[in-house]
Amino acid sequence: MNKRFLQNVRFAPASSSFPISQNDFFHLKSKAFLVHKLSESTHLFLTNSLKSSILKLGFASDTFTINRLINSYVKLRETNTARKLFDEMPEPNVVSWTSVISGFNDTGQPQTALSIFQQMHEDKSVAPNEFTYASVFKACSALAEPRIGKSIHARLEMSGRRSNTVVSSSLLDMYGKCNDVETARRVFDSMIGCGRNVVSWTSMITAYAQNARGHEAVQLFRSFNATFERPNQFMLASVISACSSLGRLQWGRVAHGVVTHGGYERNHVVATSLLDMYAKCGSLSCAEKIFWRICCHSVISYTSMIMAKAKHGLGEEALQLFEEMVAKRIKPNYVTLLGVLHACSHSGLVTEGLGYLNSMAEKHGVVPDPRHYTCVVDMLGRFGRVDEAYALAKTIEVGAEQGALLWGALLSAGRLHGRVDIVGEASKRLIQSNQQVTSAYVALSNAYALAGGWEDSESLRLEMKRGGNVKERACSWIEIKDSVYAFHAGDLSCDESGEIVRFMKELEKRMKERGHRGGSSSSMIISSSVFVDVDEEAKEEIVSLHCERLALAFGLIHLPSGPTIRIMNNLRMCRDCHEAFKVISEIVEREIVVRDVNRFHCFKDGSCTCRDFW
DNA sequence: ACTCCGTGAC
């Protein structure tokens, strides 16, 4: 207690005419003082001592004071103490409930937040207000729990309570995080009445951006700018990530311009999203510039840069960056290790990759999870160690979604190395778990056909048709200047004059001169021009492996020249591919940047949304 | 009086 403060308290005279007694006055003053101190406290020690004073002075049943105390503990992330205080409250009010719920939200325990809300609902003594609903929707969006969220939304509507901007924003954010963009949009549209602010616009832009609908995100950003309000750092980071998923460097650059104009360049989140955008849009050099300008690096900025290098086939540099980060005592997390393993996988550093997998728990305190194992299975499979990959895959327990990636990786490995047994096993697992069903059927059918099991192959095709599984046509595109050109798998109509074939042969020749005989990329390039006796689906698969190269050739021959050609592909780069592009650069004497948009292509149901692009 | 919403690496 502050002694000077107590000494300075002048007590009112003890007369019956005075409305409060000396004792009351002391109480009121000390309560105000304690509450004031509580709001300032940033140390557990101070809050603890204030708590004992509060209890000693008999404020244990004073809801307002205890609410403040709960909040102080919530701010110190001492949720258990906050919870205990709350549980002992004789009369918790709506603020007490909401404070505890939001406390569990803030400490990453949304499940507990929801269970407290449920308790509040069953208790019935206190009705939730708009603050409570906003917190609860936030918990649902953290859990991506649409079922509970919807029922609470219904409860809110039934209560007849008018939604305010904050509640609606958290609601639309929740629907966005649960991948229900249409409902999110309906909530956004309904907000014309209660007023939208930057947060609600940002929530809607984010909902589009995080659900692979970058065009709508950018469109909405344009509409927002028409309102003459200024975007803030939250909105900019979201728009930039929409540009990344679209792979449109021009738009990304415009967004960068808005960032500079608004003075948000030094914001870390914005800078990291710019870094990621440049990397995904093919400009590693710009990504690096952004990276070196960041003054105080975090695990996320390092991870983004490691991923960027990995995607561009610069495995050694990515690993170097990782070691540098560890030396700076920035603790890597599971995403960082995923980046490291990706780097090894994309650059053929198999031994290094296995080393990182085996030592990451001990050295970096990150226990490998199914995603890390999937990455290593992919790496082993890519470099011909298919049996090891299969053996590893069998030991991993996965859910359906991750299983699709795991067995999908093994499927490609089996296909790449002509292992019918592995293709069969992987396809069956995919079909059984109802994941990537179409591509699994195609691969399985092709595997049977190759092995001579025509009857199996035929019956599978029938099964596929009955199930309504139609294979999406693979497609690639390139962006030159501000135009986008699309190429569909199996479509060689663009090659009327045979120039692509000639270009491919020239490339093959140069690759051979460089000693890349029979390497995966050169042989594949040639195969794209000579499918003669291959059946329709197998041909489509081959072309889908090559279409970015076809696109490139087409672009070189028929399209206006520019300083940079960027290629979107749905392949990961191996060392050979990288080498191929270097050779192409020499041929055309132009910078060629390759990018990887795996994320954009692959969705949970295995569908490809390339067509949304047009 | 105290309590609420939106951003970056996978």
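Every chain is numbered from 1, with letters handed out A, B, ... down the list of sequences. Quick caveat, the model's predicted, so the values are computed rather than measured.
One finds a side-chain N or O of A/Q210 lying less than 4.0 angstrom from the OP1 or OP2 phosphate oxygen of B/dG8. For A/S304, no side-chain nitrogen or oxygen approaches OP1 or OP2 of B/dG8 to under 4.0 Å. Taking side-chain N and O atoms only, A/K280 has a distance below 4.0 Å to OP1 or OP2 of B/dC10. Dashed line: the shortest gap from a side-chain N or O of A/K311 to OP1 or OP2 of B/dC10 is under 4.0 Å. The side chain of A/K177 contributes an N or O atom lying less than 4.0 Å from OP1 or OP2 of B/dT7. Taking side-chain N and O atoms only, A/K138 has a distance below 4.0 Å to OP1 or OP2 of B/dG6.
Centroid-to-centroid, the aromatic rings of A/H121 and A/W97 stay 6.0 Å apart or farther. A centroid separation of less than 6.0 Å is found between the aromatic rings of A/H153 and A/Y175.
Residues from residues 142-154 of chain A that place a heavy atom under 4.0 Å from any atom of DNA chain B: there are none. Residues from residues 218-226 of chain A with heavy atoms under 4.0 angstrom of DNA chain B: there are none.
The distance from atom CD1 of A/I306 to atom C1' of B/dA9 is 10 Å, rounded to the nearest whole Å. Taking atom CZ of residue A/R196 and atom C1' of nucleotide B/dG6, one finds them 15 Å apart after rounding to whole Å. Regarding A/N164, its CG atom lies at a distance of 13 Å from the C1' atom of B/dT3, rounded to whole Å. The distance between atom CZ of A/F86 and atom C1' of B/dT3, rounded to the nearest whole Å, is 12 Å. If you take CG of A/L85 and C1' of B/dC2, they are 14 Å apart, rounded to a whole angstrom. Counting to the nearest Å, the C1' atom of B/dC5 and the CD1 atom of A/I101 are 15 Å from each other. B/dA9 atom P lies 16 Å from atom NE2 of A/H268, rounded to whole Å. As a whole-Å value, the separation of A/L50 CG from B/dC2 P is 18 Å.
The list of side chain to side chain donor-acceptor pair (under 3.5 Å) pairs with a residue in residues 219-238 of chain A, not counting sequence neighbours, reads A/T206-A/S238. Listed by first and then second residue, the salt bridge (Lys or Arg N to Asp or Glu O under 4.0 Å) pairs involving residues 63-78 of chain A amount to none (not counting sequence neighbours). For the salt bridge (Lys or Arg N to Asp or Glu O under 4.0 Å) condition, the pairs that include at least one residue of residues 111-130 of chain A, sequence neighbours left out, are A/E130-A/R161. Applying the side chain to side chain donor-acceptor pair (under 3.5 Å) test to residues at least two apart or on different chains, the pairs with a partner in residues 137-152 of chain A are A/S141-A/D173.
Using a 4.0 Å heavy-atom cutoff across all strands shown, A/S170 reaches sugar-phosphate atoms only and no base atom. Among the atoms of the strands shown, none is found under 4.0 Å from any heavy atom of A/V270. A/N267 comes within 4.0 angstrom of no nucleic acid atom, judged by non-hydrogen atoms across all strands. Heavy atoms of A/T303 sit under 4.0 angstrom from at least one base atom.
The base of B/dA9 sits with one of its N or O atoms less than 3.5 Å from a complementary donor or acceptor on the side chain of A/N333. Counting atom types as modelled, A/R68 pairs no side-chain N or O with a base atom of B/dC2 as donor and acceptor under 3.5 Å. Side-chain N/O atoms of A/T272 and base N/O atoms of B/dG8 include a donor-acceptor pair closer than 3.5 Å. Side-chain atoms of A/N197 and base atoms of B/dG6 include no donor and acceptor less than 3.5 Å apart.
Under the side-chain contact (heavy atoms from CB on, under 4.5 Å) criterion, A/A82 pairs with A/I70, A/Y73, A/V74, not counting sequence neighbours. Judged as a ring pair (Phe, Tyr, Trp, His ring centres under 6.0 Å), and not counting sequence neighbours, A/H268 has no contacts. A search for ring pair (Phe, Tyr, Trp, His ring centres under 6.0 Å) contacts involving A/W201 returns A/F188, A/F224, not counting sequence neighbours.
Rounding to the nearest 0.5 angstrom, the gap separating the CZ atom in A/R253 from the CG atom in A/L274 is 12.0 Å.
The side chain of A/Y334 sits closest to B/dC10 out of B/dG8, B/dC4, B/dC10. Here B/dT3 is the nucleotide among B/dC10, B/dG6, B/dT3 with the atom lying nearest to any side-chain atom of A/F131. Listed nucleotides B/dG6, B/dC10, B/dT7 differ in distance to A/V198; the shortest reach to its side chain belongs to B/dG6. Taking only side-chain atoms of A/N232, from C-beta outward, the nucleotide of B/dT7, B/dT3, B/dG6 with the closest atom is B/dG6. For A/N71, whose side chain is taken as the heavy atoms from C-beta onward, the closest listed nucleotide among B/dT7, B/dC2, B/dG6 is B/dC2. You'll find that the side chain of A/V335 is closest to B/dC10, out of B/dT3, B/dG8, B/dC10. Distances from the side chain of A/M307 to the nucleotides B/dC5, B/dC10, B/dG8 place B/dC10 closest. The side chain of A/T206 lies closest to B/dT7, out of B/dT7, B/dC2, B/dC5. Residue A/F234 has its side chain nearest to B/dT7 when only B/dC4, B/dT7, B/dC10 are considered.
Judged purely by distance below 3.5 Å, without hydrogens or angles, the side chains of A/S169 and A/S203 never pair a donor atom with an acceptor atom. Looking only at atom types and distance, the side chain of A/N105 has no donor-acceptor partner in the side chain of A/S102 under 3.5 Å away.
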